[in-house]
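For the numbers below, each heavy atom of this structure counts, side chains included, while hydrogens, waters and symmetry mates do not. The sequence lines fix the lettering, A, B, ..., with proteins before strands; numbering per chain opens at 1. For clarity, every value in this text was computed on a predicted model and none was experimentally measured.
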2 protein chains.
Amino acid sequence: MAGKSDDRSTRTRPAVLGDVAALAGVSAMTVSRVLNAPDRVRAETRERVLAAVRELDYWPNSAARQLVTGRSGVLGVISIDTTLYGPASTLYCIEQTARLSGYSVSIASLSLLSRRSIEEAVHRLRSQSVDGVVILAPHESAADGLRHLPPDLPVVAVDAGEDIPVPVVTVDQRAGAEHATRHLLGLGHETVRHLGGPVNWLDANYRVDGWQGVLEEHDRPVHEPLRGDWSPRSGYELGRQLAADPTVTAVFVGNDQMALGMLRALREAGRRVPEDVSVVGFDDVPESAYYSPPLTTVRQDFGEVGRHAFHLLLDRMAGKGEEARRLVEPELVVRESTAPPPR
Amino acid sequence: MAGKSDDRSTRTRPAVLGDVAALAGVSAMTVSRVLNAPDRVRAETRERVLAAVRELDYWPNSAARQLVTGRSGVLGVISIDTTLYGPASTLYCIEQTARLSGYSVSIASLSLLSRRSIEEAVHRLRSQSVDGVVILAPHESAADGLRHLPPDLPVVAVDAGEDIPVPVVTVDQRAGAEHATRHLLGLGHETVRHLGGPVNWLDANYRVDGWQGVLEEHDRPVHEPLRGDWSPRSGYELGRQLAADPTVTAVFVGNDQMALGMLRALREAGRRVPEDVSVVGFDDVPESAYYSPPLTTVRQDFGEVGRHAFHLLLDRMAGKGEEARRLVEPELVVRESTAPPPR
DNA sequence: CCCCATGCCGATAACGCTAACAGGAGGGAA
DNA sequence: TTCCCTCCTGTTAGCGTTATCGGCATGGGG
């Protein structure tokens, strides 16, 4: 165990706390303090320890630390399909924010959100001793799972419904739909059609509510909304139905991808956008500014959602979180796919 | 510590191995064996233990297990910007595949790939005792980091360059570019222009090579490729340059998003696609079939890449991996954005 | 009858770290 | 001087699990 002959070039086993202590000529406890509460150690000693840490390329073993502290510094994120733009962006932001606060994140992607699948994912993460979990739960079907979580696990939900016993952060979908619908009515359209997302998605339903509410408030006819599956394909197929109806002059589409399909259906039917039909999307994906024409849409700030979720979780882990519902305001981005109706 | 009065409804502290042992009337070691090597325990005893496990809702503490075994059942994935379609899809597939084999995955998203940032991420993951790491390393600048990894950590790289001391799995970018270019030449175009990705992206450079190779092979003029940043915006801006040049009849674009911007630039310049100019993209994002017109593009099977990466890593962790370079074949998807040149 | 192999299980000692307390040195107030 | 308080560091005892070894049956062959 003597100094130079024992450094990282000759030793195969990674250095442990004791090695650092020996090299620095202090006790293990002092090394631990240097790492966890530096001010409680005299500056001179601290420097010596840090030098030894560098010399040996020492990295603390988190399993050991976790075993004794009960904390792991790992957060779990449960989500469906992180291939979609929204969840992917939220996840990305949670990870970035968490890292700045010293947390890592472990993911569990599900193919469906049911009580069973959520419980299973929670157990998987929990057996890794995560300190807390964010659940991206945009489906109706997640509610049941969210109501039966282990009571001692800090959890925050994103895009979940109401009457959930955990804090929720979500974009105000209803307000977004209202902005879109008001914008179209404000341009002079008699009424607005809606091509919504799947019925089991909460976001989709809130958007339907917002849209319908504005129409009723203005005494405009409310046509049964069409329901797609978020894919451009469904936007195209359902778009063909709307395109064939000459009374349609304005459509509010549940997301940008379906709006893309819709634009194509309208073009194929010989209806110009925005001269004949106005289209508004939702999300503001990076591509939407380059659709033909550039899409008027409702921007969701997923980054903000991720940051809020993380901070709520932090509060929750500190025990001081209330079961708030935090709404992030969406913003209407007006581009070239909307105009007054043809006369 | 007496049976029924100590079950999960009255106890707050989660059950540990010892609780299960006490309830089942066996030693801790026997419980451990039931969990890790069931055949080494008599069936009758095993059943009694399992009943106790269920009764107490016992979940093993992974930190303790990990501390003694040195294995964690967690894999790390290092990546830049998991918001992009490619990395997001690959990550998703790795996670799905890993889960089926009992592994969890922990992520580390970087904002740039440098030797320093990679080392830092590796250490972060490693201090969580991950059993292995997949690095999504599509940048030139990652090579330096990949050459200086800790020798005892199993690593597999995705989309990395050559001369890397770890196994690499990647789509054959060069072949993809060749398919695209040959397709355009085959339609009768005199030559093909290229709008590529950023110069520090390996994929982008391999695509340039493939494109250039085919042109040279056919003795066609090779114009200096333009370089965008993958965004629709850059596709649009550089597209305007190409659109203004009447000699341009065919363009191979480095990804679908830039191709989208390009399509818009061409439309604005009054050049029809595919009658006046043919465009081929790369990636086959779900939207590309609904662009105007639907985009001919090169499909990359990210799922396949993810699965291969995981299995190579598994081999690597078992110590039997060679430093292979595994190529996944891309596929040309012909849609409506390509046609013979105008006469 | 003994001997050894085999199957099953338990006792003990780690793994690497930190919580909790203990103790010595130094300084200021009584 | 004495006492106490503060600042710094060390000692001890775990955290919950598994590796390792050893022991007690049982059984079959010599």
Take atom [atom1] of [X] and atom [atom2] of [N], then tell me their distance rounded to the nearest Å.
X: Arg65(A); N: dT17(D); atom1: CZ; atom2: P; result: 21 Å
X: Arg71(A); N: dG16(C); atom1: CZ; atom2: P; result: 21 Å
X: Asp39(B); N: dT6(C); atom1: CG; atom2: C1'; result: 16 Å
X: Gln66(A); N: dT17(D); atom1: CD; atom2: P; result: 12 Å
X: Leu56(B); N: dG16(D); atom1: CG; atom2: P; result: 14 Å
X: Asn61(B); N: dC15(C); atom1: CG; atom2: C1'; result: 13 Å
X: Arg40(A); N: dA19(C); atom1: CZ; atom2: P; result: 10 Å
X: Met29(A); N: dC17(C); atom1: CE; atom2: C1'; result: 9 Å

Legend entry - 5' precedence on DNA chain C between Val68(A) and Ala28(B) (nearest-nucleotide basis): Ala28(B)
Inset, instruction - For Arg33(B) and for Ala64(A), locate the closest nucleotide of DNA chain C by heavy-atom distance; then report the residue assigned to the nucleotide nearer the 5' terminus. - result: Arg33(B)
Looking at [X], does any N or O in its side chain come under 4.0 Å of the phosphate oxygens OP1/OP2 on [N]?
X: Arg42(B); N: dC8(C); answer: no
X: Ser32(A); N: dT18(C); answer: yes
X: Thr30(A); N: dC8(D); answer: no

Inset, instruction - Check every atom of dT18(D), dT18(C), dG16(C) against the side chain of Asn36(B) and return the nucleotide holding the closest atom. - result: dT18(D)
Legend entry - Shortest side-chain distance from Val26(A), nucleotide among dG16(D), dT18(C), dG10(D): dG10(D)
Inset, instruction - Just say parallel, tilted or perpendicular for the rings of His123(A) and Trp59(B), cut-offs at 30° and 60°. - result: parallel
Inset, instruction - Using a 4.0 Å heavy-atom cut-off across all strands, classify Thr45(A) as base, sugar-phosphate, or nothing. - result: sugar-phosphate
Legend entry - Ring centroid separation Tyr92(B) to Phe302(B) under 6.0 Å: no
Legend entry - Residue that, paired with Val156(A), satisfies side chain to side chain contact (heavy atoms under 4.5 Å, CB included) out of Val166(A), Ile135(A), Ile94(A), Val169(A): Val169(A)
Inset, instruction - For the pair Arg126(A) and Asp131(A), find out whether any cationic side-chain nitrogen is under 4.0 Å from an anionic carboxylate oxygen. - result: no
Legend entry - Test item: side-chain donor near acceptor, Ser72(B) and Gln66(B), under 3.5 Å: no
